[in-house]
Protein chains: 2
Amino acid sequence: MADVKSGPNPLFLREEDLRQGIELLFYAYRDFTAEPDAMLAKIGLGRAHHRVVYFVGRYPGINVTELLGILQITKQSLARVLGDLVSQEYIAQRAGTKDRRQRLLTLTEKGQELERTLSDAQRARIAQAYRAAGAAAVEGFRTVMLGIIDADDRAKFQPPGPGKR
Amino acid sequence: MADVKSGPNPLFLREEDLRQGIELLFYAYRDFTAEPDAMLAKIGLGRAHHRVVYFVGRYPGINVTELLGILQITKQSLARVLGDLVSQEYIAQRAGTKDRRQRLLTLTEKGQELERTLSDAQRARIAQAYRAAGAAAVEGFRTVMLGIIDADDRAKFQPPGPGKR
DNA sequence: GAAATAAGTCAACATGGCTGACGTAAAATC
DNA sequence: GATTTTACGTCAGCCATGTTGACTTATTTC
């Protein structure tokens, strides 16, 4: 991993550059979550609900264990928000057919609508940033972000491939 | 660089690309905060303390109003963590000389050490990602991240310039 | 002198993490 | 077939960190 391609680019990493990287993440995440948070507050839900709705939308039929793996929170923490979402009919549960202990989660129509509304603000923000930056910058953005993410989760971003998921 | 295509660049933004952008931010932030959070837990502090220590280190002599502007939380929320940090002597307060109502905040030696320990994990993560990605990718990363951040705060990342700060 | 500003404080509340303990049903293993 | 493991759920309580609202004090500005 150390060999960044010998040659003309030693890439001096000054304290200042790293500090800036930290701050970019702080401000970007702060602003990225602000809009959905405000919408959620109006319907009595929170950011945790958004995350669940998002990932259930992303992986329809995901089971609880897998969802916990993504969110990296405890079962009890998830239970609270998931319970809200199921009782308010944003999310439907059904037993797995292969393994009937599993609860497979999907968005209801209502859930899909919520997901779209919430994430649209974020999609718009990303779209605008991508457009303003251009395709090459977007490639660089992806590469650096992947480098920041723990190696175990990088696979999620690989094109289809032989994934074991 | 990949094909940046001369001429007008419509930059096709598929749903899929935007979704990926959202997830990159989620996973990156999750992993970026995990290490300092674990260290903080051991000394009975939390992420909010880290943020305060970080920005006081970044802007020595910052006053409370300015800090609130960065963190975007309420005075009461800040009071709690700031109180902890002052009473445990991570942060020192002194009255402003020009405006004696202000409390100017600085890190003590102890505070500097804490800041360094916490942020080093983050700096290392960024450094590794930057090195693996290369200088051009880092430039793209910066550009996109700035586009995601609200325009008001982009100025913080401009080189010195005529800033009014 | 009055008004505005910087900061602090008290109280109450919500959200979303956590640990620990325990239960049930189904699947996997010996 | 009995035992163990797994997937999920649940109760109870704690902690960190955000919120609103009301009020005080010191200082600066108008």
Side-chain angles (χ1 to χ4, degrees), chain A residues 26 29-30 33-34 36-56 61-88 91-105, chain B residues 26 29-30 33-34 36-56 61-88 91-106 118:
Chain A
F26 168 76
Y29 198 76
R30 185 195 69 177
T33 51
D37 281 359
M39 299 182 213
L40 286 155
K42 288 182 190 162
I43 54 171
L45 300 178
R47 193 182 294 184
H49 298 92
H50 185 191
R51 291 202 273 251
V52 170
V53 164
Y54 178 84
F55 282 108
V56 171
I62 190 174
N63 68 44
V64 173
T65 303
E66 288 169 335
L67 187 51
L68 288 173
I70 290 176
L71 300 176
Q72 300 208 198
I73 58 176
T74 60
K75 185 177 47 160
Q76 296 91 324
S77 293
L78 175 59
R80 202 158 27 199
V81 291
L82 187 52
D84 292 343
L85 292 169
V86 169
S87 76
Q88 290 171 51
I91 286 185
Q93 295 175 307
R94 63 171 199 280
T97 46
K98 209 188 121 186
D99 181 341
R100 298 195 342 264
R101 290 171 303 181
Q102 296 181 337
R103 293 289 168 273
L104 307 186
L105 308 173
Chain B
F26 168 76
Y29 198 76
R30 186 196 68 176
T33 50
D37 281 359
M39 299 183 213
L40 285 155
K42 288 182 190 162
I43 54 171
L45 300 178
R47 191 182 295 183
H49 297 92
H50 184 190
R51 290 203 272 252
V52 170
V53 163
Y54 178 84
F55 282 108
V56 171
I62 192 175
N63 68 46
V64 173
T65 303
E66 288 168 336
L67 187 51
L68 287 173
I70 290 175
L71 299 176
Q72 300 206 195
I73 57 175
T74 59
K75 185 174 49 160
Q76 296 91 324
S77 293
L78 175 58
R80 201 159 26 200
V81 290
L82 187 52
D84 292 342
L85 292 169
V86 168
S87 76
Q88 291 171 50
I91 286 184
Q93 296 174 306
R94 64 174 199 282
T97 45
K98 209 186 124 188
D99 182 340
R100 296 191 351 259
R101 290 171 305 182
Q102 297 180 336
R103 293 289 170 272
L104 307 185
L105 308 172
T106 49
L118 293 173

Nearest-Å distance for atom pair NZ/C1', residues Lys98(A) and dA26(C): 14 Å
Examine Phe55(A) together with Phe26(B) and report whether their ring centres are nearer than 6.0 Å. yes
Is Arg100(B) close enough to dT27(D) that one of its side-chain N or O atoms is under 4.0 Å from OP1 or OP2 there? yes
Does His49(A) put a side-chain nitrogen or oxygen below 4.0 Å from OP1 or OP2 of dT15(C)? no
Taking CG from Leu40(A) and C1' from dG16(C), how many angstroms apart are they, rounded to a whole number? 13 Å
Closest heavy-atom contact between Ala48(B) and Val81(B)? CB-CG1, 3.7 Å
So Thr65(A), base contact, sugar-phosphate only, or nothing? Heavy-atom distance under 4.0 Å. sugar-phosphate
Gap between atoms CD1 and P, on Ile73(A) and dT17(D) respectively (whole Å): 17 Å
Could you tell me the separation between the CZ atom of Arg94(A) and the P atom of dA7(D), rounded to a whole number of Å? 18 Å
Rounded interatomic separation in angstrom, taking CD from Gln102(B) and P from dT29(D): 10 Å
Just to confirm, is there a sub-4.0 Å distance from OP1 or OP2 of dC18(C) to any side-chain nitrogen or oxygen of Thr74(A)? yes
If you compare every side-chain N and O of Ser77(A) against the phosphate oxygens of dG16(C) (OP1, OP2), does one of them come in below 4.0 Å? no
When rounded to whole Å, the CD1 to P distance for the pair Ile62(A) and dA7(D) reads 14 Å
Check whether the side chain of Arg101(B) and the base of dT5(C) form a donor-acceptor pair under 3.5 Å. yes
Atom CG in Leu67(A), atom CZ in Arg51(A): separation rounded to 0.5 Å? 11.0 Å
Does dG17(C) have its OP1 or OP2 closer than 4.0 Å to a side-chain nitrogen or oxygen of Arg51(A)? yes
Measure from NE2 on His50(B) to C1' on dA16(D) and round the result to the nearest Å. 16 Å
Below 4.0 Å: OP1/OP2 of dG18(D) and any side-chain N or O of Arg30(A): no
Within the 4.0 Å heavy-atom criterion, would you say Arg80(B) contacts the bases, only the backbone, or no part of the nucleic acid? base
Under 4.0 Å between a side-chain N or O of Asn63(B) and OP1 or OP2 of dA7(C)? yes
Closest approach to the side chain of Arg47(B), judged atom by atom: which nucleotide of dT17(D), dG9(D), dA7(C) is it? dT17(D)
Can you see which heavy atom on Leu68(A) is nearest to which on Ile73(A), and at what distance? CD2-O, 3.6 Å
Heavy-atom closest pair (Val64(A) atom, Leu78(A) atom, distance to 0.1 Å) is CG1-CD2, 4.0 Å
By nearest-heavy-atom nucleotide on DNA chain D, the more 5' of Leu78(B) and Asp99(A) is Asp99(A)
To the nearest angstrom, the CG-C1' distance between Leu82(A) and dA7(D) comes to 13 Å
How far apart are the closest heavy atoms of Gly69(B) and Arg30(A), and which atoms are they? O-NH1, 4.0 Å
Looking only at side-chain N and O atoms, does Gln76(A) come under 4.0 Å of OP1 or OP2 in dA12(D)? no
